[in-house]
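Each remark here refers to the structure printed beneath this line.
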Amino acid sequence: MVNLGFSIGDLLFKNPVLTASGTFGYGTEFEDFMDVSKLGGIILKGTTLEPREGNSYPRMAETPSGMLNSVGLQNRGIDYFEKNIYPHVSGYNTNVIVNINGNYVDDYVALAERIEKLDKIPAIELNISCPNVKMGGMAFGTNLDSAREVIKAVRAVYSKKLIVKLSPNVTNIVDFARIAEEEGADSVSLINTLLGMSVDIKNMKPSLSTITGGLSGPAIKPVALRMVWQVAKSVKIPVIGIGGIMNTSDAIEFLIAGATAVQIGTASFIDPQASVKIVEGIREYLADKKFSDIKEIIGLINRD
Amino acid sequence: MVNLGFSIGDLLFKNPVLTASGTFGYGTEFEDFMDVSKLGGIILKGTTLEPREGNSYPRMAETPSGMLNSVGLQNRGIDYFEKNIYPHVSGYNTNVIVNINGNYVDDYVALAERIEKLDKIPAIELNISCPNVKMGGMAFGTNLDSAREVIKAVRAVYSKKLIVKLSPNVTNIVDFARIAEEEGADSVSLINTLLGMSVDIKNMKPSLSTITGGLSGPAIKPVALRMVWQVAKSVKIPVIGIGGIMNTSDAIEFLIAGATAVQIGTASFIDPQASVKIVEGIREYLADKKFSDIKEIIGLINRD
Amino acid sequence: MTKRIEDLKIKGNKRLNKDIFILELSGNAKIPEMKPGQFAQVKIEGSPETFLRRPISIHDVDYENNTFKLLIQIAGKGTDTLSRLEKGDFLNLIYPLGNSFSLPEKGERSLLVGGGCGVAPLLFLAKNLKSNGYTPDVLLGYRNIERIIEYQEFSQTGKVFLTTEDGSKGEKGFVTDHSVLSSPSYDMIYCCGPDSMLKAVAGYCKKNRIRCEVSLENLMGCGIGACLCCIVETIRGNLCTCTDGPVFNINELKW
Amino acid sequence: MTKRIEDLKIKGNKRLNKDIFILELSGNAKIPEMKPGQFAQVKIEGSPETFLRRPISIHDVDYENNTFKLLIQIAGKGTDTLSRLEKGDFLNLIYPLGNSFSLPEKGERSLLVGGGCGVAPLLFLAKNLKSNGYTPDVLLGYRNIERIIEYQEFSQTGKVFLTTEDGSKGEKGFVTDHSVLSSPSYDMIYCCGPDSMLKAVAGYCKKNRIRCEVSLENLMGCGIGACLCCIVETIRGNLCTCTDGPVFNINELKW
Ligand SMILES: Cc1cc2nc3c(=O)[nH]c(=O)nc-3n(C[C@H](O)[C@H](O)[C@H](O)COP(=O)(O)OP(=O)(O)OC[C@H]3O[C@@H](n4cnc5c(N)ncnc54)[C@H](O)[C@@H]3O)c2cc1C
Ligand SMILES: Cc1cc2nc3c(=O)[nH]c(=O)nc-3n(C[C@H](O)[C@H](O)[C@H](O)COP(=O)(O)OP(=O)(O)OC[C@H]3O[C@@H](n4cnc5c(N)ncnc54)[C@H](O)[C@@H]3O)c2cc1C
Ligand SMILES: Cc1cc2nc3c(=O)[nH]c(=O)nc-3n(C[C@H](O)[C@H](O)[C@H](O)COP(=O)(O)O)c2cc1C
Ligand SMILES: Cc1cc2nc3c(=O)[nH]c(=O)nc-3n(C[C@H](O)[C@H](O)[C@H](O)COP(=O)(O)O)c2cc1C
Ligand code: FES
Ligand code: FES
């Protein structure tokens, strides 16, 4: 018997595999392929106060071992969410977490207040790292003062678990993680996408309508792992690793580097069952290596 | 007839394809496979004042569509270079450029002074972005003040063409490019490797002796392209694009995004002839699209 | 209709011309019910340049033999890899995905318009219409006589009109130039093909107040409504081509 | 000896056991002269996980028929892909690379020690020694009787001693346990195999003052001395396994 569970404060997760925001819809899109309740948690797609149409088509380009997207937080807003999505997702027997976004600090605060009232949402992921919106998003996540301001403001109104999602597009991600910890975040998740670009040489134009977009997939895994390792050494709150995790072995790399849990993103597009397969894969790896608790391997490379 | 030439100040290059430092040795390693003189230029491996042994083995790990290295500037120092390498490489009928590195500003200055005296070296590439050395290297390239200091000091003693090689591991690479321009650099080249990491899950340890290393190859191309595009819009000096260029179409992407020239790095490991093939490929692409001068496509996506 | 992810066995790979081939797939389990216009997300093995799945329409279904077909044009690395598959190989599919073409009203006259590999979803549609008691006409456009594919197959479902750009067979010109469209006598037109063709046919239909459904080929990240990469602007806002489409009524589109 | 990059044709792919196979390659042009201990950098097509080439030793060369062989153990994705190559396929190689084993002095007695797929470069060496008038002995170590490979081939070049870890054939134990080593009677030992074996043999040779050359299998980025990733610490500083090696005299190594 292997224990896969972990916790953020007093919030328990049955296993360390969550799905990454914007790559798993509201979970419903995956019900034909898997039992969503088998996951440690799901992070719902980026939600804003008002409905958003996102950026124009084309919003996606394939790159070597990765993809660029510039969806730009298309979503129907919190009202629609409460009325039409919440009733369904609150039926999942796992932690359902909302990823929140805004242009201004007030937007984040208002959203957090609304979600605080939803019984079955035990945590929010504060996204200060979306590279695909003109205002807010990454602007908060690449400036230490703005990051502090928005985290502080949300923390003041939100009493459940607060996860801050960090941007990799910075010189020193550890500074941002420390600020999150100082301001009372319960956990940090990283990384969001790397800002990238691609050119269509046939038509001699950018591949994306927005020119730049967010790079995800295996291509970014080495960068994500490095950042997770740096952050895990530097803060005491749990670190959730994200970036290019396609299979069990990728997930284990993050755990050994210091992540307490992982999120599966782009992998779900190629294999909708990737996340549940990884839950099982981690169990087997631990059994194989004769560990009885996942905690034994977390941050193993920092331990001697 | 298509004109492929470009120039940095009054220094002419016969075509826009150079080789990236640390991936093409001293050129000699490739003589069995190609005529080095067919290239626009070659950038020799990172050179320091004193000989260096570099980091311990293992120094390399393969990653999805890329590789990590932590060579750490192993080289035999400038004395050896002058005596044993320079006589040979000065025979190449192309621009031979030395990539210089140091722990302190004084090291860079001393090196630049030495190389200034070598007739057949028309330019140096000032590397303030090596992620694999404890002192100097990336430390200069991720702090605006240090970057300015070292560029200013080298410019003061070096009168030939000065190319500054920028680090991608920063929040805003444009700031660094602007400083280089302000301090009189003749060109900027970007990107050096992204700081990354990988874990060997069989042995539960980092894959590299140094834990972190520099990520290169196609995986980083979208990030490199984005940075080249940002920088090319912001400075007037020529921008040399580097990062994951494996073939002609990758090179064209950089030119269209604003690079005046490109450097071929990791690709030379997989195909030692990659660089010369790309020279021919660019010629064909331009002919195909009925351009007569490469300048016509440089920065095309910024032109309307 | 539940979606599934499944390894299917290649029963055959038939080359129609230089660029186009048909894969016949057979399920181990019973294949699901599929509808004309639906597609599959096909996994391409073994290349960093084909990281994402590729959307390919259901071309023809044979429930009795538990097989179905994909008609594919080589457009790049992914489809090239598919073209090399051999009998006995396996192909991983997520399917069936997307909505489907709607049936005409009873007694209405319909026309199917396809260009190049845009005929892919139309054969299944034609057969479906036929088995539902309609006799749709078909108008196919190709570059030249060598590019003509699936003529026989469509002939079995109804009358077939042809255009070629160089006039080497059928009428010369684009599909919208064909004489069968000169006096508008259809109530419903279904169209699939390159963007320029879709827009030309949509223009014709709007002018002549003919109902028209087009099948779009937007870039897709996931195919199941999770990534929001495949959107098309409609009067109801941005909709997903993979779940709200790929078939859209032209009146919905902001063209 | 100039290095070249070339597509070679697979003449055959022979499975020796579950993990090990031999590829026979034939050149279009005349194959270059190669020396025992040299290797090739082999390109692996079609996977993001095998971005870099893989170093594989020259196992055997037949200049008359313009062919040579690689003996390969499946160790991961890259070698697995190679194991699926079929007659008629092409394989891109950069070769011949690296230094080579040195010849013993006239009249000296030499022993070749190989374990598992570490026998790869030794057959070419054994044949070469034989054709230069030596009669080297060979000591091969395997896990068990099923893992034994190339026994016949080595028998043709000289006397062959065997160990298996479970004693199912030859003497039980590791190569260094074999009785032929109990009274040191060799002047020169050549060794290739897993690190633990190399170190054990090197220890034996140092103790008994026997000259010893080992072939290292360091990770390689380029294979041609350009990346400096493959270094090994020696008394002369860090040297490249790909150009200064892969064969090193153990006295040079900082082991
Ligand atoms: C709903 C739908 C149904 C389709 N049905 C068919 C069909 O039945 N037969 C057929 O031959 N083709 C069909 N296509 C088009 C087919 O998906 C593309 O030709 C294929 O993805 C190209 O991949 P590639 O690797 O060969 O080429 P690439 O080199 O990747 O690209 C070639 C072209 O295909 C486009 N493309 C690349 N990736 C995708 C993607 N993930 N989604 C959509 N387009 C992409 C590129 O923009 C480019 O223009 C359909 C597309 C859609 C959206
Ligand atoms: C000079 C030299 C000669 C060799 N000769 C032979 C031979 O004749 N027959 C044979 O079967 N094997 C030989 N090897 C070992 C062979 O190169 C590795 O087994 C192979 O690269 C593994 O690749 P993979 O993709 O199958 O496995 P992976 O999954 O990539 O790795 C499996 C193991 O191989 C190692 N490896 C991966 N990439 C490389 C690389 N680029 N260079 C070196 N090791 C690597 C990994 O560290 C790991 O331990 C030789 C190695 C060297 C350096
Ligand atoms: C199509 C797409 C949409 C995304 N939308 C969001 C989002 O709304 N909020 C967010 O915090 N991250 C978003 N992300 C980032 C992912 O959650 C994740 O951080 C990133 O993709 C890296 O992980 P991966 O490489 O496993 O995909 C999105 C990523 C993709 C590919
Ligand atoms: C093995 C290796 C060694 C390198 N050494 C140097 C160096 O000495 N100086 C330097 O400026 N860049 C060095 N680089 C960085 C490359 O010049 C280049 O900036 C980087 O690899 C990105 O380009 P690529 O993706 O085409 O390889 C090295 C890269 C590699 C892979
Ligand atoms: S392709 Fe992902 S939502 Fe349509
Ligand atoms: S493998 Fe590149 S120097 Fe040896």
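Lettering follows sequence order; numbering is per chain, from 1. Atom set for the values below is all heavy atoms of this structure, side chains included, hydrogens, waters and symmetry mates excluded. Values in this document were obtained by computation on a predicted structure and should not be read as measured data.
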Test ring-ring contact (aromatic ring centres under 6.0 Å, His included) on B:F140 and B:Y108 and set out the steps. CA-CA 11 Å; B:F140 284 108; B:Y108 283 99; 5.4 Å; yes

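For chain B, the option among D:R4, D:E233, D:K43, D:Q41 with the highest count of heavy-atom pairs below 4.5 Å is D:R4. Put simply, of D:G223, D:G221, D:A226, D:C222, the one with the most heavy-atom pairs under 4.5 Å next to chain B is D:A226. Contact count versus chain D (heavy atoms, under 4.5 Å) is highest, among B:P58, B:P218, B:P51, for B:P218. For the options D:N238, D:I5, D:I224, D:L219, heavy-atom pairs under 4.5 Å to chain B are most numerous at D:N238.
Under 3.5 Å, the side chains of D:Y95 and D:E6 contain a donor-acceptor pair of N or O atoms.
For chain D, the nearby part of B:Q273 is the side chain; its heavy atoms alone come within less than 4.5 Å. Contact annotation for B:M246: only side-chain heavy atoms (C-beta onward) come within less than 4.5 Å of a heavy atom of chain D. Proximity to chain D (any heavy atom under 4.5 Å) is shown, for B:T28, by neither the backbone nor the side chain. Interface remark: B:F33 contributes side-chain atoms only to the contact with chain D (heavy atom separation under 4.5 Å). If you measure heavy-atom distances from D:N218 to chain B, the contacts under 4.5 Å come from both the backbone and the side chain.
The minimum heavy-atom distance linking B:P272 with B:M34 is given by the pair O-SD, 3.5 Å.
In this structure, B:T94 contributes its side chain and B:S37 its backbone to no donor-acceptor pair below 3.5 Å.
Only one option out of B:L118, B:T48, B:I115, B:L111 pairs with B:F81 in a side chain to side chain contact (heavy atoms under 4.5 Å, CB included); it is B:L118.
Expressed to the nearest 0.5 Å, how far OG1 of B:T210 lies from CE of B:M197 amounts to 10.0 Å.
Geometrically, B:K45 engages B:Y26 in a cation-pi contact, judged by NZ or CZ lying under 6.0 Å from the ring centre and within 45° of the ring axis.
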